[in-house]
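The first residue of the sequence shown is numbered 1, and numbering continues consecutively from there.
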Amino acid sequence: MFGPRIALDALIRPDKEHRLAKTLSWPHLIALGVGAIVGTGIYTLIGVGAERAGPAVILSFVIAGLVCACAALAYAELATMIPAAGSAYTFSYAALGEGVAWVVGWSLILEYSLACSTVAVGWSGHAMGWLGAVGVHLPHALLVGPSGGGVVNLPAVAVALAVMGMLIAGTKESATLNIVLVVIKLVALAVFVIVSLPAFQSANLHPFMPYGFAGTEQGGMKRGVMAAAAIVFFAFYGFDAVATSAEEAKNPGRDLTIGIVGSMLVCTGIYMLVAVAAIGALPYGILGGSSEPLALVLKTLQHPLAAHLIELAAIVALPSVILVFMYGQSRIFFVMARDGLLPRGLAKVSPRTGAPTRITILTGIAIAIIAGLFRLDEIAELANAGTLLAFIAVGACLMVLRKRSPEMPRLFRCPAPYVVGTLAILGCLYLLASLPTMTIVRFLIWNAIGLAIYFAYSRDSSEVRRAG
């Protein structure tokens, strides 16, 4: 019904020319997960969430975290069962068929490219703010794209291309640098919590749920706990990028489980502390109007030095988010090319580094162009839509493969798989329905374009169909 399925043996043992080198251990994988999860989301989305849910944004983080936890358990079982690159795309190809796999892969491209470009543009804003403070100013035309009245966002292009260069240098080297950047981010958030928690005022939590629970249109914006959860969900995903590294893990059974589940546990704890500290220190109405809510809290509490350090940490460490998402997108592109759904010539790895150099260059240039020319504030929510679809597919794959292939070795077994899979699907569907209507329309348009490409080119070029 959904096209041919790819054989599990072919996934686990690709030919040597198209096989990625095993260079990553569990510290690298936890850092990849935390590097993607702790980024632009936690630095900015507490304010956005507070605007949509009030103090109950704390509950929004809990709900988004629980949905992601169900998806993370499914990812952990599937990634250790099928230690091949491609994450949700690859799982869908094995369990649900080629048609579904294409839609999931096409949605993942949307997720990673928009998230990556958004972070690059955000980094540009932080960096230019700091340079401006020391008297260095670039012309306006080189700071924003055409939609903002400029020519190109040059700093965003530069950081995207720099990260591309790091990935070309090799997966292990870039993952090791990522560990250093992750430590900087965690230290900065720890400083924020230590400084702001003593200023906690319970009065700032009342009324706790001013816009109700379900997402409803109010004043031209969806508000409520679930509406906020659908947005702050952006701050959680990233652990799925760990699953894209399955083929490069030295010990997949141990390392992937620790990397996926470990990064989710670490980040959920961090988010809860930061959310409670921020909402408790400043009324949600003030917090919701800021694009830099954490720095605003510290400045309001008369800690300007700590605020500047938080901003500096963002400048230094946000490239780690770009690195992980660019890494994830390049691996999705790579596997889709290896399967023949994209031009197979792209699925070549460098004999020196074992990394897919061609596809990494293509990915980096595409992301740099998007970051340099477009404002992504309105369409960044599309990244959430793509991720939610992927998580729905992973929940379904978990249950289908438990039923169809119970004999396959599973180095990590998800507890109560049919309950966890169902909760992941229902939770993601609810969050998807809570997104703004225009976001859903744009997402459908994106997938219509993808299906046109599939039927015009990819379906006939599929390696699985040719082999069959």
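Atom-to-atom distance recorded for I392:CD1 and S92:OG is 11.0 Å, nearest 0.5 angstrom. The CG atom of L114 lies 9.5 Å from the CD1 atom of I367; values are rounded to the nearest 0.5 Å. Atoms CG and CG, on L273 and L189 in that order, are 10.0 Å from each other to the nearest 0.5 Å. Atom CG in L451 sits 10.5 Å away from atom CG in L444 (nearest 0.5 Å). The structure places CZ of R459 at 7.5 Å from CD of E98, a figure rounded to the nearest 0.5 Å. Residue L73 holds its CG atom at 4.5 Å from SG of C414, rounded to the nearest 0.5 Å.
Partners of V151 under the side chain to side chain contact (heavy atoms under 4.5 Å, CB included) rule, at least two apart in sequence or in another chain, are A141. The side chain to side chain contact (heavy atoms under 4.5 Å, CB included) search around L161 returns V157, M164, A368, not counting sequence neighbours. Partners of W102 by ring-ring contact (aromatic ring centres under 6.0 Å, His included), not counting sequence neighbours, listed by chain and number: W106, Y454. Legend: residues meeting side-chain hydrogen bond (donor to acceptor under 3.5 Å, both in side chains) with E77, ordered by chain and number and at least two apart, are R402, R410. Contacts of C267 classified as side chain to side chain contact (heavy atoms under 4.5 Å, CB included), with partners at least two apart in sequence or in another chain: V34, I37, V38. Scanning for side chain to side chain contact (heavy atoms under 4.5 Å, CB included) contacts around A156 gives A120, V121, S124, N153, A371, with sequence neighbours left out.
Annotation: side chain of L388 is in contact with side chain of L435 (closest heavy-atom distance under 4.5 Å). Put simply, the side chain of Y112 does not reach to within 4.5 Å of the side chain of S330, judged on heavy atoms. When side chains are defined from C-beta on, R223 counts as touching E51, because their heavy atoms get closer than 4.5 Å. Within the 4.5 Å cutoff, side-chain heavy atoms of L143 are placed close to those of P155. In this structure, L432 and L389 have side chains that are not in contact, with every pair of non-hydrogen atoms separated by 4.5 Å or more. A heavy-atom distance below 4.5 Å is found between the side chains of L110 and F443. In this structure, R442 and W446 have side chains that are not in contact, with every pair of non-hydrogen atoms separated by 4.5 Å or more. Contact check for S462 versus Y93: side-chain heavy atoms found under the 4.5 Å cut-off.
Ring pair Y75/F391: centre-to-centre distance below 6.0 Å.
Contact detail for Q329 and I109: the closest heavy-atom pair is OE1-O, 3.8 Å. Looking at every heavy atom in both residues, F325 comes nearest to C116 through CB-CB, 4.1 Å. Between A88 and V394, the shortest heavy-atom distance links the atoms CB-CG2, 3.5 Å. A pairwise comparison of heavy atoms in A393 and L96 identifies O-CD1, 4.1 Å as the closest pair. Considering every non-hydrogen atom in both I425 and G395, the closest pair reads CD1-C, 4.0 Å. Between Y89 and A101, the shortest heavy-atom distance links the atoms CD1-O, 3.1 Å.
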Are V232 and R52 close enough, and set up right, to give a side-chain contact (heavy atoms from CB on, under 4.5 Å), and what steps lead you there? CA-CA 10 Å; V232 302; R52 302 192 181 203; over 6 Å; no
